[in-house]
Amino acid sequence: MTGAVRGAGVDDGGRDDAYDDLDEWEPVLPEGVPATPPPPPESPAAGSGVRCPGCAALVPPVTVRCPRCLARVGSGEPGRQRARGGPMPAGARAVLYFDTLALSLPVLPGEPLRLGRDPGWAPDSANSFREQTTVSRRHAGVSLDPDGTVWVTEETGGTMNGTWVNDTPLLPGERHRLRHGDRLRLGRTVGCTVRLAGEGPC
């Protein structure tokens, strides 16, 4: 005796089968799994980013940590920070390029630039110098005179590891003029190159 085969023209009496209408099933994803993957982060426009000090990836200039290696890149606030090769900020006469930190700080008229690890005293640089223990909390200030000359002054109380311009140590409280191409060093390991507007590539 041969039994009836489902789907072979035999009426099954309208029986509901778990396998009917497979094309109407909806996929169910585990809780917390997005239906579609999020879009990749936008890449910074050419020339608009800074290089990560950890992996050399190009990241947006206001990034706090590199998305690739999580190395600290900057303060995460635009502030004075500027990507190298970008336009000189309005009124800026000089820019300090801290090449090992992927950090650029312009010197603006009437706004002395303070360099140190104290966020209340040096808000534009403290976050970037936070892990640089050779930089004092209140290390030095850079100012721009009305005639366009740029000066650096080590704090009056002195610093633990000193301040140098082209390997010449500075005395606490004494102003020293900065010129295009000078190397300014804070402590043993943190240094920058001085670039003056109109006197070479900035």
Side-chain angles (χ1 to χ4, degrees), residues 47-51 53 61-63 72-202:
S48 68
V50 294
R51 291 286 173 190
V62 296
T63 302
R72 179 167 291 282
V73 176
S75 69
E77 295 296 332
R80 293 185 188 239
Q81 296 191 34
R82 164 184 179 268
R84 186 165 191 163
M88 182 78 77
R93 170 72 177 141
V95 175
L96 308 182
Y97 289 109
F98 292 86
D99 42 11
T100 59
L101 299 178
L103 174 69
S104 301
L105 296 172
V107 183
L108 304 173
E111 299 179 29
L113 172 62
R114 292 173 173 168
L115 305 173
R117 293 185 295 113
D118 182 343
W121 184 81
D124 294 309
S125 62
N127 200 37
S128 296
F129 293 153
R130 183 175 62 181
E131 298 172 6
Q132 307 299 321
T133 56
T134 62
V135 176
S136 294
R137 289 181 56 78
R138 299 186 177 193
H139 202 108
V142 180
S143 59
L144 174 63
D145 279 358
D147 64 1
T149 55
V150 182
W151 303 85
V152 61
T153 307
E154 183 180 290
E155 273 303 283
T156 307
T159 64
M160 287 292 293
N161 297 298
T163 308
W164 286 264
V165 175
N166 300 328
D167 297 322
T168 299
L170 303 186
L171 296 175
E174 180 180 288
R175 289 189 357 150
H176 186 96
R177 184 173 180 178
L178 293 175
R179 292 178 169 80
H180 186 75
D182 280 350
R183 282 292 293 176
L184 172 63
R185 187 157 51 94
L186 311 175
R188 301 186 195 97
T189 58
V190 176
C192 67
T193 301
V194 179
R195 299 292 183 200
L196 301 185
E199 297 190 27
C202 289

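Along the sequence shown, residues are numbered consecutively beginning with 1. Reckoned from all heavy atoms, side chains included, excluding hydrogens, waters and symmetry mates.
Closest non-hydrogen pair, Leu101 versus Ser128, comes out as CD1-O, 4.4 Å. Across Val95 and Ser104, no two heavy atoms sit closer than the pair CG1-CB, 4.1 Å. Of all non-hydrogen atoms in Val150 and Ala94, the two that sit nearest each other are CG2-CB, 3.9 Å. What you find for Gly191 and Asp99 is that their closest heavy atoms are O-OD1, 3.9 Å.
Taking the side-chain hydrogen bond (donor to acceptor under 3.5 Å, both in side chains) definition, one finds that Arg188 meets it with Asn161, sequence neighbours left out. In this view, Arg138 and Asp118 satisfy the salt bridge (charged side-chain N to carboxylate O under 4.0 Å, His left out) rule, not counting sequence neighbours.
Applying the ring-ring contact (aromatic ring centres under 6.0 Å, His included) test to every pair with at least one member in residues 143-178, sequence neighbours left out, gives no pairs at all. Sorted by first and then second residue, the salt bridge (Lys or Arg N to Asp or Glu O under 4.0 Å) pairs involving residues 146-158 (not counting sequence neighbours) form an empty list. Listed by first and then second residue, the ring-ring contact (aromatic ring centres under 6.0 Å, His included) pairs that reach into residues 105-134 are Phe98-Phe129, sequence neighbours excluded.
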Under 3.5 Å, which donor-acceptor pairs link side chains of residues 166-175 to any protein atom two or more places apart or in another chain?
residue	atom	partner	partner atom	Å
Asn166	OD1	Arg183	N	2.8
Asn166	ND2	Asp182	OD1	2.8
Arg175	NH2	Asp145	OD2	3.2

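By the 4.5 Å heavy-atom criterion applied to side chains, Leu186 and Gln132 are not counted as neighbours. With contacts defined as side-chain heavy-atom distances shorter than 4.5 Å, the pair Val142/Val194 does not qualify. Using a 4.5 Å heavy-atom threshold, the side chains of Leu115 and Leu105 count as touching. Contact annotation: the side chain of Leu184 approaches that of Thr163 to within less than 4.5 Å [non-hydrogen atoms, C-beta and beyond]. Contact of the Arg130 side chain with the Arg117 side chain is not registered, since no non-hydrogen atoms from C-beta on lie closer than 4.5 Å.
Using a distance-only test at 3.5 Å, with no hydrogens or angles considered, a donor-acceptor pair links the side chain of His139 to the main chain of Gly162.
Here the CG-CG distance, from Leu108 to Asp124, works out to 8.5 Å after rounding to the nearest 0.5 Å. Atoms OG and CG, on Ser125 and Leu103 in that order, are 8.0 Å from each other to the nearest 0.5 Å.
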